[in-house]
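To start, the structure under review is shown below, and the notes come after it.
The shown structure was predicted, so the numbers you read here are calculated from the model rather than taken from an experiment. Naming convention: chains lettered A, B, ... in sequence-line order (proteins, then strands); numbering from 1 in each chain.
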Protein chains: 2
Amino acid sequence: MITIREVAERAQTSIATVSRVLNNLDGYSEQTKVKVLKAAEELGYESNAIARSMIIKKTNTIGVVFPNISSMITYEFLNGIEDVTYKNDFSVIVSYTYSQPERMMKALRTLYEKRVDGIIFTSDEVTDDYLNYLEKIDIPVVFLSTKSEKSTIPYVKVNDFAAAFDAVDYLIKNEHTNIGLIAGNPDDTIAGIPRIEGYKAALKKAGLPVREEFIRYGYDFSFNDGKSRFEDLINENPDITAVFAVSDEMASGAITAAHQMGIDIPGQISIMGYDNTMISEVAYPALTTLAQPLRKMGSEAVKLLIKMIKGDQFKEEVVLDHSVIERQSVKKRNKSES
Amino acid sequence: MITIREVAERAQTSIATVSRVLNNLDGYSEQTKVKVLKAAEELGYESNAIARSMIIKKTNTIGVVFPNISSMITYEFLNGIEDVTYKNDFSVIVSYTYSQPERMMKALRTLYEKRVDGIIFTSDEVTDDYLNYLEKIDIPVVFLSTKSEKSTIPYVKVNDFAAAFDAVDYLIKNEHTNIGLIAGNPDDTIAGIPRIEGYKAALKKAGLPVREEFIRYGYDFSFNDGKSRFEDLINENPDITAVFAVSDEMASGAITAAHQMGIDIPGQISIMGYDNTMISEVAYPALTTLAQPLRKMGSEAVKLLIKMIKGDQFKEEVVLDHSVIERQSVKKRNKSES
DNA sequence: TTGTAAGCGTTATCAT
DNA sequence: ATGATAACGCTTACAA
């Protein structure tokens, strides 16, 4: 491996000077600059970031931990993250934890050992263990699509409660009154409970009853989850005319179930998704869905993180806007039919 | 930051000894071991991988470069990769290059500067520039879903030619004779040309004519690509009864176009995809598709890479099996109808 | 403008 | 079994 030392020899100068010109500092003549650059070029020298990191105590690397969320969401987040890390010359180490505590702890520990400059903690429940560790290692962290009441760690999120509220409200505005919910896990304080509460709140605000039998709880926001919950839900409640599924994958699972059950979407039942991932376009009929600005969430999270790394310690909380994307899976209910 | 030095002080021993017990070497008594471990524990010491890397010249990190391919493919690859990096205690740095040469070169250079132990180069055309650089830096590389004739760098792939051949052959076995192709970019030597050639070869082998007007070329394997190509193709060739699209995204775009054109799938036209990503399940009708073992491809690639990193220099070429996954978008043609 | 030398936090080689 | 100490490849005072 070519080192700065060899460059110095060839350029007949000292390593200090080589370091200076290579880092665009000052304190050398134009002449030596040329000599050094030439020598470096000829030797094909490339600096060793490891050695530099030892001294400057910065790695220009951040870590991102993902649980086991939808492929499309992960992808969008990562793209948004990459957009800005690229511009800021940061590298990103990604770890999938599958929401397993041991994997998460190992991932966090590894990131710390490798001395990443910051961490983006994505979409997962923040346990005390995680929080304690994050506080102990004391490096900048931002939560993406999650948060913790117990800490002051900044986050970037959508307001899940408000988003679910708006989704259900949209269904209500389309004259639906018997609205089913395919929910997340009711123990999930991040993407589970707030969306359930949003659903209930929208119903209440419209003077509609909240009927527990209209709610089905899923586990992992998956296609199969949505599919089997939908079957259950509709079989036991034939009077439902619209269902809100709290992820696009679940919603498309519901659509597939409907096809198999011979139910016309949106003719007989309207279905609304959540996320606005690519799936909502691919589904047939295309999904009307509650859009999260996934990519932007990723990029905002790194922007915030980099600010913190650079020393601006003001801890913000970024709540991004959501919106309803109208496609074909929701139809205004024809009251005369019922 | 707590260093080994502070641990040594607290344990009243030398840094050398601390290093020894922390690394499970030998050369210390049980007694000192206990002392050291206790001190480390109390101080909350965590080793500094940067410093270690300086000496051992290993970072236990690999780099993965992705162009701008389908979200699902990226996700599956990454998952496969993570599965084995996790077990082998490697971290992975990912970079998206969007197939832009400058971004690719920068990504490669950064990976080298950070002294990754190996690189997985994914799905992109391998230019001379890339190859020269990879050879120059001389670290283990494996190509994933791509390869280069000009180098001996090992790869893991599916045989695209044979896969496309089998896909079209499947259509032929279902009595289709007028088979359209929604192809990739004809300049793409990796996922473009081989699949086109596979299509043609299957036709020829069956004694069917290769008609250029049955072929439409896309750019990026995307949904919209598939959608507009399908419209074109069918409008100009109403006699086509089956089309093979070289990606699931394209195939689902084709299905959506068909819905809009009032064409029944597979009643009037059969559609076959390629990849077997999640999309093929979500599409309606669910896509019959040519499956690549995406996740396995990812994990095999790292396995190979890690072998190379560990010093086993035997350079393999891994060609993984593909298969046809039958779902609902292909139907046996009823000859009497035509 | 330039060079010497002291680190950075480890591992590894020597003595002891 | 243990401890000095020399690396590793750089950046950065401090001198000159």
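Screening residues 85-95 of chain B for side chain to side chain donor-acceptor pair (under 3.5 Å), with sequence neighbours left out, gives A:Lys106-B:Asp89, A:Lys114-B:Ser91. Here salt bridge (Lys or Arg N to Asp or Glu O under 4.0 Å) pairs that include residues 1-18 of chain B, with residues two or more places apart or in two chains, are B:Arg10-B:Glu42. The salt bridge (Lys or Arg N to Asp or Glu O under 4.0 Å) analysis of residues 150-159 of chain A, with sequence neighbours excluded, yields the pairs A:Asp128-A:Lys150, A:Lys157-A:Asp160. Applying the salt bridge (Lys or Arg N to Asp or Glu O under 4.0 Å) rule to pairs touching residues 129-144 of chain A yields A:Lys136-B:Glu46, sequence neighbours excluded.
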Side chains of residues 75-84 of chain A: which donor-acceptor pairs under 3.5 Å do they make with residues two or more places apart or in other chains?
{"unit_1": "A:Tyr75", "atom_1": "OH", "unit_2": "B:Ile69", "atom_2": "O", "d": "3.3"}
{"unit_1": "A:Asn79", "atom_1": "OD1", "unit_2": "B:Tyr98", "atom_2": "OH", "d": "2.4"}
{"unit_1": "A:Asn79", "atom_1": "ND2", "unit_2": "A:Tyr75", "atom_2": "O", "d": "3.1"}
{"unit_1": "A:Glu82", "atom_1": "OE1", "unit_2": "B:Tyr96", "atom_2": "N", "d": "3.4"}
{"unit_1": "A:Asp83", "atom_1": "OD1", "unit_2": "A:Arg295", "atom_2": "NH2", "d": "3.4"}
{"unit_1": "A:Asp83", "atom_1": "OD1", "unit_2": "B:Tyr98", "atom_2": "OH", "d": "3.4"}
{"unit_1": "A:Asp83", "atom_1": "OD2", "unit_2": "A:Arg295", "atom_2": "NE", "d": "3.3"}
{"unit_1": "A:Asp83", "atom_1": "OD2", "unit_2": "A:Arg295", "atom_2": "NH2", "d": "3.1"}

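Fit an axis to the five pairs at each end of the helix from C:dT1-D:dA16 to C:dT16-D:dA1 and the two axes sit 50° apart, to the nearest 10 degrees.
Between B:Glu317 and B:Lys147 there is no salt bridge, since no side-chain N of the basic residue sits under 4.0 Å from a carboxylate O of the acidic one.
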Salt bridge (charged side-chain N to carboxylate O under 4.0 Å, His left out) assessment of A:Lys38 paired with A:Glu41: CA-CA 5 Å; A:Lys38 182 157 169 286; A:Glu41 172 68 29; over 6 Å; no
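With sequence neighbours excluded, the residues satisfying side chain to side chain contact (heavy atoms under 4.5 Å, CB included) with A:Val34 are A:Glu30. Every residue two or more places apart in sequence or in another chain was checked for a side chain to side chain donor-acceptor pair (under 3.5 Å) with B:Lys310, and none qualifies. For the ring pair (Phe, Tyr, Trp, His ring centres under 6.0 Å) test, residues two or more places apart in sequence or in another chain that qualify with A:Phe143 are A:Phe121.
Taking every heavy atom of residues 6-14 of chain B and every atom of DNA chain D, pairs under 4.0 Å involve B:Thr13, B:Ser14, by number.
For the atom pair CG of B:Leu294 and OG of B:Ser70, the computed distance is 8.0 Å after rounding to the nearest 0.5 Å.
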Footprint string (nucleotides 5-12 of chain C, 5' to 3'): B base within contact, S backbone only, - free, heavy atoms under 4.0 Å: --BBBBBB
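Close approach of DNA chain D to chain B, defined as any atom under 4.0 Å from a non-hydrogen atom of the protein, starts and stops at D:dA1 to D:dG9.
Of the candidates A:Thr189, A:Thr146, A:Asn185, A:Thr189 is the only one forming a side-chain hydrogen bond (donor to acceptor under 3.5 Å, both in side chains) with A:Glu125.
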